[in-house]
Amino acid sequence: MNASREDTDPGRDDATPPNFIKELVEQDVAAGVRGGQVVTRFPPEPNGYLHIGHAKSICLNFGTAELGAPGRCNLRFDDTNPSTEDTSYVEAIQRDVRWLGFDWGARALYASDYFEQLYAWAIQLIEAGKAYVDSQSEEEIREGRGNFYKPGVESPHRGRSVEENLDLFARMRAGEFKDGEHVLRAKIDMQSKDVKLRDPLMYRIRHVAHHRTGDAWPIYPMYDWAHGQSDAIEGVTHSLCTLEFQNHRPLYDWFLGALGLDPRPRQIEFARLNLGFMVMSKRKLLQLVQQGHVSGWDDPRMPTLAGMRRRGFTPEAIRSFCERIGVAKRDGVVDISLLEHELREDLNARSPRAMAVLRPLKVVIENYPEDQEDWFDVPVHPEYPERGTRRVPLTRELYVERDDYMEDPPRKWFRLGPGREVRLRGACLITCREAVRRENGELVELRCTWDPASRGGAAPDGRKVKGTLHWVSARHAVDAEVRLYDRLFSVENPLAHDDRPFTDFLNPDSLEVLRGCKLEPGLKDATPGEPQQFERLGYFCADSVDSRADALVFNRTIALRDSWAKLAKKLGVGGAAKSGGKRKG
RNA sequence: UCCCGGAUCGUCUAAUGGUAGGACAGCAGAUUCUGGUUCUGCUUAUCGAGGUUCGAAUCCUUGUCCGGGAACCA
């Protein structure tokens, strides 16, 4: 009856909310434009790892393609600038898109596949008098372009004959010139109010090896020249891109028109995703990696898909997040809590439960025989009994969370304290009799007694025991390192301060490493990357890079919501809720 | 001083001339062997000024504010 709850794939939910692009594409399909076909593309430049912002674009592009009959979304690498690009990025990007759950068909495409065609088209434009070779210096060109208030002035080379242009351009390709000696420019309008239209560059000379074409080309096309034409070659119908390309659309259309390409792809812009307390530019992320502020592109604190995957995010959670934030032209900053909500929702449904004590405090049950051992069957998931149970051992000595004991608890405290009775999850009721301290006051252990009649955890006489604690048998506990993550930056917008580098705003507490954590024995066999809920604490997974059978390492993906932390704050109780306490991020 | 966009609860996003809705966050309560989950209820928004209209978030005029644009980056 509620099987759908588990079967539902949130990312592929049919009830995608309306958005202006979807609406527009649906209209095109209904009107029979392009025979109802929809072709989109996701066009990353292979110069860095994909991040959550790209996920929005990926979901949008692949999702929009599904509106067509037929529909297709290409993965196309925009590899027109060899000096920053690399095959390792090509591979990482494909891995991430695949992990997110999308399929781009037979093979990935590359703008570099079209270099020859682009070159032929450039010649066509030269012959039509719509492009020319300029031989001014970089500075002269920039100067000649003018600015927002001042019109441009024409290059002295603008009037070169077609023959001369053809000759020069051929020699540019032949590698006869050094970097920067010449460029190919489109001949549009130096008086245009749109600076982008003041004879933009089409090709620059770059004697640099390309990760795919090697040394075949000493000239490389610029983005504006390559992108629209690549779209046209691939039969792209709707070319979706972010807002900063709005200024490029007139140029995008100009090239297509000048070449007489038909049918023409249509560029549509949408607002990119911004998240608070994070930076979302490959350049900035690269800097974090290179300067060692994080352990790599896949550091679990990074907003990269690789980092999020390692941290324990699921593709489903990311996809439903992308769906939930919607698509519009208005620029904004999405609240992290929305991502966290989608994450918890997915993780809650799928994660098996286990107990782990992060900051152990020893408990001795005085009336529990030294040699006794009770194994309890505890549900793998309380909402899905069909997922079975796991066995957890109880012995005389065990560990509970240090923060679950307070010497002088405030009102509404349901956990341990002098004389307080609590339930050990799935096992029994214990009462705190004494707190053993060192001379310096440091808490060493708790002496408790248990009620043997409460075996299983139920109060035999129906007495109310509100507090339930997680615990681990000392003798059976498995040791592990646990890494807690917090937001990488301590301010909402690290880029908002012109006078200070964004790295000034890194959160010094974004990583907290806990050693000597005590895990329930079954966790020893956890598969890296597989989500687990450590009850009352959060969702965790064994680290796919560092965890080993003899040295377990777990990442906290995200803490559980912690309403006690809120209450404690309101009550003015300090520190009590620290261990599992929800820290944003 | 120019060009291109944008402006709806705290945040994201609907409403396409006809009851401003949803999600998140927040608050209050219920249930609970996770202070989790689940459930219920509540609070909160059309940038300003004019106009058109029986009726405007939506159309017109105007103003204001915000973002992007002057790379041989994408």
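Every heavy atom of this structure was used, including side-chain atoms; hydrogens, water molecules and symmetry mates were not. Just so it is clear: chains get the letters A, B, ... in the order the sequence lines come, proteins before strands, and each one is counted from 1.
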Students often get this wrong, so: under 4.0 angstrom with heavy atoms, is A/Ile325 touching a base, only sugar-phosphate, or nothing? sugar-phosphate
With a non-hydrogen cut-off below 4.0 angstrom, is A/Ser137 in contact with a base, only sugar-phosphate, or nothing? base
Will you find, in the side chains of A/Ser239 and A/Arg41, an N or O donor that is under 3.5 Å from an N or O acceptor? yes
NA contact type, A/Ala458, heavy-atom cut-off 4.0 Å: base, sugar-phosphate, or nothing? base
Has A/Arg142 got a side-chain N or O lying under 4.0 Å from the OP1 or OP2 atom of B/A71? yes
Taking the same atom, P, in B/C59 and in B/A14, what whole-Å distance lies between them? 15 Å
What's A/His248 touching, base or sugar-phosphate or nothing? Going by heavy atoms closer than 4.0 Å. base
Could you pull out the closest heavy-atom pair between A/Asn274 and A/Gly332, with the gap in Å? ND2-O, 3.0 Å
May I ask you to verify whether the side chain of A/Arg330 and the base of B/U13 hold a donor-acceptor pair under 3.5 Å? no
Remember a base hit wins even if backbone is also touched, and classify A/Phe245 as base, sugar-phosphate or nothing at under 4.0 Å, heavy atoms. base
Measuring to OP1 and OP2 of B/G68, would you say a side-chain N or O of A/Arg272 lies under 4.0 angstrom away? no
Phosphate-side-chain proximity, A/Lys566 and B/C27, N/O vs OP1/OP2 below 4.0 Å: yes
Do A/Asn247 and B/G68 share a donor-acceptor pair, side chain to base, under 3.5 Å? yes
Can you identify which nucleotide, out of B/G67, B/C24, B/G36, has its nearest atom closest to the A/Asp331 side chain? B/G67
Which part of the nucleic acid, if any, lies within contact of A/Val327, taking any heavy atom under 4.0 Å across all strands shown: a base, the sugar-phosphate backbone alone, or nothing? sugar-phosphate
Take atom CE of A/Met355 and atom P of B/U34, then tell me their distance rounded to the nearest Å. 12 Å
When the P atoms of B/U58 and B/C47 are compared, how many Å lie between them, rounded to an integer? 8 Å
With rounding to whole Å, what would you report as the distance between B/A56 and B/G17 at their C1' atoms? 7 Å
Check the distance between B/U37's P and A/Asp346's CG and give it to me in whole angstrom. 15 Å
Nucleotide B/A25, atom P - distance to CZ of A/Arg324 in whole Å: 10 Å
Taking B/U11 as the reference, what is the distance to B/U44 when you measure between their C1' atoms (whole Å, please)? 12 Å
So, taking the atom named NZ in A/Lys196 and the one named CG in A/Asp224, what distance separates them when rounded to the nearest 0.5 Å? 6.5 Å
Write down the distance separating the P atoms in B/U46 and B/C12, rounded off to the nearest Å. 16 Å
Does B/U32 have OP1 or OP2 sitting under 4.0 Å from an N or O in the side chain of A/Thr468? no
Whole-angstrom distance between B/C9 and B/A15, as gauged at atom P: 16 Å
With a 4.0 Å cutoff (strictly under), does any side-chain N or O of A/Arg561 reach OP1 or OP2 of B/U38? no
Can you measure A/Asn147 atom CG to B/G68 atom P for me and round it to whole angstrom units? 18 Å
Starting at CG of A/Leu343 and ending at P of B/C24, how long is that distance when rounded to a whole Å? 15 Å
Comparing A/Arg249 and A/Glu342 on RNA chain B - which has the more 5′ nearest nucleotide: A/Arg249
Under-4.0 Å side-chain N/O to phosphate OP1/OP2 contact, A/Thr80 with B/C73: no
Across the strands shown, which category fits A/Gln136 at heavy-atom distances under 4.0 angstrom: base, sugar-phosphate, nothing? base
Any-strand Watson-Crick or G-U partner of B/G67, both distances under 3.5 Å: B/C4
In this structure, are over 12 heavy atoms from other groups packed under 6.0 Å from A/Arg411 atom CZ? no
Using a 4.0 Å heavy-atom cut-off, does A/Glu138 contact any base of the nucleic acid, only the sugar-phosphate backbone, or nothing at all? base
I'd like to know if A/Arg415 reaches the base of B/G35 with its side chain, counting only an N/O donor and acceptor under 3.5 Å. yes
Would you say A/Asn81 and A/Ser83 are linked by a side-chain donor-acceptor pair, where the criterion is simply a distance under 3.5 Å? yes
Report yes if a donor N or O on one partner sits less than 3.5 Å from an acceptor N or O on the other, where the partners are the side chain of A/Glu269 and the base of B/G6; otherwise report no. no
Using a cut-off of 4.0 Å on non-hydrogen atoms, how would the nucleic acid contact of A/Pro382 be classed: base, sugar-phosphate, or nothing? base
Could you give the CD-to-P distance, from A/Glu140 to B/C72, as a whole number of Å? 13 Å
What nucleic acid atoms does A/Val378 come within less than 4.0 Å of, heavy atoms only: base, sugar-phosphate, or nothing? nothing
Under 4.0 Å, counting only non-hydrogen atoms across every strand here, what does A/Leu469 touch: a base, just sugar-phosphate, or nothing? nothing
Heavy atoms only, 4.0 Å cut-off, all strands: where does A/Lys570 land among base, sugar-phosphate and nothing? sugar-phosphate
Taking any strand in view, what nucleotide pairs with B/A23 in a Watson-Crick or G-U wobble way, both distances under 3.5 Å? B/U11
Donor-acceptor pair between A/Asn47 and A/Glu45 side chains, under 3.5 angstrom: yes
Donor-acceptor pair present, A/Gln533 side chain and B/U34 base, under 3.5 Å: yes
Strictly by Watson-Crick or wobble contacts shorter than 3.5 Å, is anything paired with B/G17, and which nucleotide is it? none
Span that lies between the P atom of B/U64 and that of B/A49, in whole angstrom: 15 Å
Sub-6.0 Å ring centroid separation between A/Phe169 and A/Tyr203: yes
Pairing check on B/A74: which nucleotide meets the Watson-Crick or G-U wobble criteria with it, both distances under 3.5 Å? none
Provide the Watson-Crick or G-U wobble partner of B/C59, both distances under 3.5 Å; none if there is no partner. B/G51
Using purine N1 to pyrimidine N3 plus N6-O4 or O6-N4 for Watson-Crick, or N1-O2 and O6-N3 for G-U wobble, each under 3.5 Å, what pairs with B/A28? B/U40
Does B/U34 have OP1 or OP2 sitting under 4.0 Å from an N or O in the side chain of A/His470? no
Nearest-nucleotide 5' precedence on RNA chain B, A/Pro18 against A/Ser83: A/Pro18
With heavy atoms under 4.0 Å as the rule, sort A/Gly332 into base, sugar-phosphate or nothing. sugar-phosphate
Please state how far atom CZ in A/Phe534 lies from atom C1' in B/U37, giving the value in whole angstrom units. 19 Å
Do A/Phe540 and A/Phe554 have their ring centres less than 6.0 Å from each other? no
So which atom in A/Gln533 and which in A/Arg353 form the shortest heavy-atom distance, rounded to 0.1 Å? NE2-NH1, 3.1 Å
Spacing between A/Glu323 atom CD and B/G22 atom C1', to the nearest angstrom: 14 Å
Hey, are A/His211 and A/Thr87 close enough side-chain-wise for a donor-acceptor pair under 3.5 Å? no
For A/Lys412, answer base if it contacts any base atom (sugar-phosphate contacts may also be present), sugar-phosphate if it contacts only those atoms, and nothing otherwise; contact means non-hydrogen atoms under 4.0 Å. base
Check for me: is A/Tyr149 stacked on B/C2 by the 5.5 Å centroid and 30° plane-angle rule? no
Between B/A57 and B/U8 - P atom distance, rounded Å: 15 Å
